[in-house]
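As a basis for the values below, the full set of heavy atoms in this structure was taken, side chains included, without hydrogen atoms, waters or symmetry mates. Along the sequence shown, residues carry numbers from 1.
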Amino acid sequence: MKILLTLAVITGLLLGYALQGREWLKSKPWAEGFFAWVEPVEILLFKKSETILFARLKIVVGAVLTLLTQIGSIDLTPLMPFVPEQYQPYAYFGINLIPLAISLIGYFDEKLRYTTTKPIELVEVADKNLTPEVADALVAANTAKVEAVAVVEAAKGD
C-alpha cells in the first residue's frame, strides 16, 4: 500500500508540473537554471509533449498494476461476493485484463500523437463549411508545419 501511495504522490506531482507548474515556472526569472537542467530530461523522456507524457504515464500505471496484481498486493476477491457465481471466471478474467488495457490505451495514445499534429481549430472544421479561404488556410498551415519540421530536422542533423 505504501508503494501505491508513493507512486500516486509522484504521479500527482509530475502531472501538476506538466499541467500548470511548468508554465508558471517558465514565467519566473529565477527558474532559468532549473530549466537548463531539466529541459534535456523532458526532451528525452516525453519530448516536452503533455500528450506523450500522459500516454507514457498510462503505460507505466498499467505495468505497475500488473506487477502489483501478480505479487498479490492488490486483492480484488472482496468484490467477488457481488458477482454471481456463474460470472466469476469472466469477472476475474476482465479484472486481470484491466492493467493490460490501460497500458495499451497509453501505447495507442502515444502513437496517435505522432499522427495528429494539426491544431484542433483546423481539424474541427466541417466539410460543408470548407470555404475556399478555409481550405487555403488549411493548406498554408500544413505547409508551414512541414517546413518547420524540415528546418528542425536539419538543425538536429548539424
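Of all heavy-atom pairs between Ala31 and Leu25, the closest is CB-O, 3.4 Å. Residues Leu130 and Ala135 approach most closely at CD1-N, 4.2 Å, considering heavy atoms. When all heavy atoms are compared, the tightest approach of Gly106 to Ala55 is O-CB, 3.2 Å.
Residues Tyr92 and Ile102 share a single hydrophobic cluster, defined by chaining ILVMFWY side chains whose heavy atoms lie under 4.5 Å apart. Connection of Phe35 to Trp37 is established within a shared hydrophobic cluster, with ILVMFWY side chains joined at heavy-atom distances below 4.5 Å, either directly or through further cluster members. Val41 and Ile43 fall into different hydrophobic clusters, where Ile, Leu, Val, Met, Phe, Trp and Tyr residues are linked whenever their side-chain heavy atoms come under 4.5 Å apart, directly or through other members. In the hydrophobic clustering of this structure, Val134 does not group with Val139; members are Ile, Leu, Val, Met, Phe, Trp, Tyr whose side-chain heavy atoms approach within less than 4.5 Å, directly or through other members. Linking Ile, Leu, Val, Met, Phe, Trp and Tyr whenever their side-chain heavy atoms come within less than 4.5 Å puts Val38 and Trp24 in one cluster.
Leu112 places none of its side-chain heavy atoms less than 4.5 Å from the side chain of Phe108. Side-chain atoms of Leu53 and Tyr17, non-hydrogen and from C-beta on, never get closer than 4.5 Å to each other.
Atom CG of residue Leu65 and atom CD1 of residue Ile98 lie 9.0 Å apart, to the nearest 0.5 angstrom. Rounded to the nearest 0.5 Å, atoms CD1 (Ile10) and CG (Leu15) are 12.0 Å apart. Here the straight-line distance linking atom CD1 of Ile59 with atom CG of Leu104 works out to 9.0 Å at 0.5 Å rounding. Between atom CD of residue Glu32 and atom CD of residue Glu39 there is a gap of 11.5 Å, rounded to the nearest 0.5 Å. Separation of atoms OG1 (Thr66) and CD1 (Ile71) is listed at 11.5 Å; rounding is to 0.5 Å. From Gln88, atom CD reaches atom CD1 of Ile95 across 9.5 Å, with rounding to the nearest 0.5 Å.
The environment of Glu23 atom CD is sparse: at most 12 non-hydrogen atoms of other residues, nucleotides or ligands sit within 6.0 angstrom. Counting non-hydrogen atoms of neighbouring residues, nucleotides and ligands closer than 6.0 angstrom, the OH atom of Tyr107 reaches no more than 12 such neighbours. Summarising the local packing, CZ of Phe34 is surrounded by more than 12 heavy atoms from other residues, nucleotides or ligands at distances under 6.0 Å.
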- Does the pair Leu57 and Leu14 meet the rule for a side chain to side chain contact (heavy atoms under 4.5 Å, CB included), with working shown? CA-CA 10 Å; Leu57 179 65; Leu14 286 174; 5.9 Å; no

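Without hydrogens or angle criteria, Glu110 side chain to Arg56 main chain gives no donor-acceptor distance under 3.5 Å. Looking at Asn142, its side chain never comes within 3.5 Å of a backbone N or O of Leu138 through a donor-acceptor pair. Checked by atom type and distance alone, the side chain of Ser103 never pairs as donor or acceptor with a backbone atom of Leu100 at under 3.5 Å.
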